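Chain letters run A, B, ... following the sequence lines, proteins first and then strands; every chain starts at 1. Note that this is a predicted model, so its numbers are computed, not measured.
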2 protein chains.
Amino acid sequence: MKELSCTKCLLKNLCIPKHLKAADFKEFEDIIKHSHTLNRGEHIHHQDEPINSLFIIRSGSVKQYVSRNNNEEQILDFFLPGELIGLDSFNMPFYGNSVIALESTSYCTLPLSKFKSLYEKMPILQEAMLNLMSKTISSEKEMLLSACNKSADARFATFLLGLSRRYSTLGYPENQIHLSMSRQEMGNYLGLTSETVSRIITRFQNDKLISVNQKDINIPNMTKFENVCTSICH
Amino acid sequence: MKELSCTKCLLKNLCIPKHLKAADFKEFEDIIKHSHTLNRGEHIHHQDEPINSLFIIRSGSVKQYVSRNNNEEQILDFFLPGELIGLDSFNMPFYGNSVIALESTSYCTLPLSKFKSLYEKMPILQEAMLNLMSKTISSEKEMLLSACNKSADARFATFLLGLSRRYSTLGYPENQIHLSMSRQEMGNYLGLTSETVSRIITRFQNDKLISVNQKDINIPNMTKFENVCTSICH
DNA sequence: ACCACAAATTGATCTAGATCAATTCAATTA
DNA sequence: TAATTGAATTGATCTAGATCAATTTGTGGT
């Protein structure tokens, strides 16, 4: 574990600290544990382990999933750098899901007990958390809506656009997306089979909406893609 | 508007005040506006109006929905007595959806500005809200998962079981459910057509899983129903 | 450079649930 | 009590996407 600080972190303007004033920032920096690293396939936490921390992705990416009866998995979410994991674990004694690295990944750990005591005395942090949770709740509603009512094409396009936007807030070019997950994982997340995802990708490619090289997707005309997106997504 | 108090409210042990100690309870009671009443079809708030309050259903029920382009609606949620509306509106200037009464309904209003100042100084309220939002986030994830992967039967069964549980925490018998929404509204919410919902209901009835009289559903054997539920929902 | 194994693509079918259409039923009003 | 209207049911088809199956392509290990 490298001892990096929030002060030196490239994500400091995207992550929780961005909300905090100097004094609070210092205190926050003291309780967070910086930069654990993982290889692909290693877990941040497992389902049914006792909950003790929140996590923030620093680099790389992870998937959050639950295992069902017959150890088939259902993917709930993907997390990219700067994103906070654990908003769904404040009211539970054990993690309801597992989080595993999709590639080489580093992350910070935020012990829940310490976080809660900070929370009590930092109105700004409270505001930030309420906003974040609120946003999460509405975007999940949005997803839900999309899952029920959109075509496979629309769902996949929305997913891509979402990734593009998230990466672009990180400073990456918005038309260049590297997929750290497999076709089957995207399908699982979107409620589609890997075959369907594959077919959609080839079709989008034929229609010159995207160009694909393995896990790298290029969107040659962003406005066009967005328009198609909004048109097929109603 | 009748001036009822939390003290006298039948829901006081289910609603936010249940978390508060005497002094806080008093203060909370002072900022909440009690018991507005609505007839079926009247709104609590409309999409795109400025956000100023949270709401708690006191009696009756409502649906939360968004209107799309071609003024078709998509139902996001139903709310029953004791349930808090507005967890998704902390970070927005305008309501992203509308809420309309499905039957004669009364509700309380919790001005957001006043709520926030209470929030800052009541750690117990903070704890309660984090838990509530956290629970909402995980149950939405659960819904999402179910929407993508479960059969129509399973989704409908899960929906019924959910209603049964919510009504039973209110003290109603868990095997007797009154549906305040139409088949088409259930379908809309679940991502199914009203025809499909209707067919599922007749089939469940033939299989003696439920008995139906219009909008009243009876579950003769709760354990059996729960078992079927868990078996068809994987 | 070769082998073994996993991921991706592509094709051929199958099916759950949508769509379209026709009654039937229930509630409300006159 | 009849008439009107919207909801619910039921039946007949259609289709998006699943499933099954066969290659092809890519990747990591020796």
Side-chain angles (χ1 to χ4, degrees), chain A residues 39-42 63 70 72-75 100 102-104 146-160 178-207 210-217 232-234, chain B residues 39-41 63 70 72-75 100 102-104 146-160 177-207 210-217 232-234:
Chain A
N39 294 319
R40 173 177 164 79
E42 292 179 329
K63 70 175 176 190
N70 23 5
E72 76 199 272
E73 77 175 28
Q74 170 60 46
I75 297 173
I100 191 174
L102 291 168
E103 57 191 315
S104 295
S146 132
C148 285
N149 295 288
K150 287 182 184 172
S151 67
D153 282 15
R155 258 182 286 168
F156 181 75
T158 310
F159 173 72
L160 261 196
H178 179 77
L179 301 170
S180 58
M181 69 295 284
S182 68
R183 309 288 193 253
Q184 121 75 20
E185 286 168 323
M186 289 188 275
N188 181 303
Y189 176 64
L190 296 169
L192 303 170
T193 59
S194 63
E195 292 95 325
T196 300
V197 171
S198 189
R199 282 183 242 267
I200 292 171
I201 289 177
T202 21
R203 194 148 31 74
F204 278 13
Q205 212 171 355
N206 292 340
D207 298 350
I210 58 178
S211 72
V212 183
N213 183 343
Q214 302 291 114
K215 305 217 154 199
D216 290 303
I217 304 235
I232 59 183
C233 307
H234 291 250
Chain B
N39 295 319
R40 173 180 166 78
K63 70 175 174 188
N70 22 7
E72 74 199 275
E73 78 175 27
Q74 171 60 47
I75 298 173
I100 191 174
L102 291 168
E103 58 191 315
S104 296
S146 130
C148 286
N149 295 288
K150 288 181 183 172
S151 67
D153 282 16
R155 258 182 286 165
F156 180 75
T158 310
F159 172 72
L160 259 196
I177 302 161
H178 179 78
L179 301 170
S180 57
M181 69 295 285
S182 68
R183 309 289 193 253
Q184 123 73 20
E185 286 167 323
M186 289 188 274
N188 181 302
Y189 176 65
L190 296 169
L192 304 170
T193 59
S194 63
E195 292 95 324
T196 302
V197 170
S198 188
R199 281 183 242 268
I200 293 172
I201 290 177
T202 23
R203 193 148 30 73
F204 278 13
Q205 212 171 355
N206 292 339
D207 299 350
I210 59 178
S211 72
V212 182
N213 183 343
Q214 301 292 114
K215 304 217 156 201
D216 291 303
I217 303 234
I232 60 183
C233 307
H234 292 251

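- For the side chain to side chain contact (heavy atoms under 4.5 Å, CB included) criterion with A:K150, the lone passing option out of A:T158, A:I232, A:L190 is A:T158.
- A heavy-atom distance below 4.0 Å to DNA chain D is reached by these residues of residues 189-202 of chain A, ordered by number: A:G191, A:L192, A:T193, A:E195, A:T196, A:R199.
- Residues B:Y189 and B:I75 share a closest heavy-atom pair of CD1-O, 3.7 Å.
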Inset, instruction - Carefully, step by step, assess B:K215 and B:H178 under the rule side chain to side chain contact (heavy atoms under 4.5 Å, CB included). - result: CA-CA 6 Å; B:K215 304 217 156 201; B:H178 179 78; 3.9 Å; yes
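- Atoms OG and CD, from B:S211 and B:Q205 in turn, are 7.0 Å apart once rounded to the nearest 0.5 Å.
- One can place CE of A:M186 at 8 Å from P of C:dT9, the figure rounded to the nearest angstrom.
- Straight-line distance from the CD atom of A:Q205 to the C1' atom of C:dT9: 11 Å, rounded to whole Å.
- Between the C1' atom of D:dA8 and the CD1 atom of B:I217 lies a distance of 13 Å, rounded to the nearest Å.
- With rounding to whole Å, A:F204 atom CZ is found 17 Å from C:dT9 atom C1'.
- For the atom pair NZ of A:K63 and CG of A:N188, the computed distance is 7.5 Å after rounding to the nearest 0.5 Å.
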Give me the distances for all protein-to-nucleotides 26-30 of chain D N/O pairs that come in under 3.5 Å?
{"from": "D:dG26", "atom 1": "O3'", "to": "A:Q214", "atom 2": "NE2", "distance (Å)": "3.4"}

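- Summarising the geometry, the separation between CD on A:E72 and C1' on D:dA18 is reported as 15 Å, rounded to the nearest angstrom.
- Annotation for A:V197 and A:G187: closest pair CG2-CA, 3.6 Å, computed over non-hydrogen atoms.
- Closest to the B:S151 side chain, of the nucleotides D:dA7, C:dG17, C:dA7, is C:dG17.
- Separating the CZ atom of B:R40 from the P atom of C:dT28 is a distance of 10 Å, rounded to the nearest angstrom.
- Taking OG of A:S151 as the start and CD1 of A:I200 as the end, the distance is 7.5 Å to the nearest 0.5 Å.
- Summary for the helix from C:dA1-D:dT30 to C:dA30-D:dT1: the axes at its two ends, each from 5 pairs, differ by 50° when rounded to the nearest 10 degrees.
- A salt bridge does not link B:R183 with B:E195: every distance from a Lys NZ or Arg NE/NH1/NH2 to an Asp or Glu carboxylate oxygen is 4.0 Å or more.
- Considering OG1 of B:T193 and CE of B:M186, their distance stands at 12.0 Å, rounded to 0.5 Å.
- Between B:F204 and B:D153, the shortest heavy-atom distance links the atoms CZ-O, 3.8 Å.
- Regarding A:M181, its CE atom lies at a distance of 18 Å from the C1' atom of C:dA6, rounded to whole Å.
- Distance CZ (A:R183) to C1' (D:dG17): 18 Å, rounded to an integer number of Å.
- Smallest separation of non-hydrogen atoms from B:S180 and B:E103: CB-OE2, 3.3 Å.
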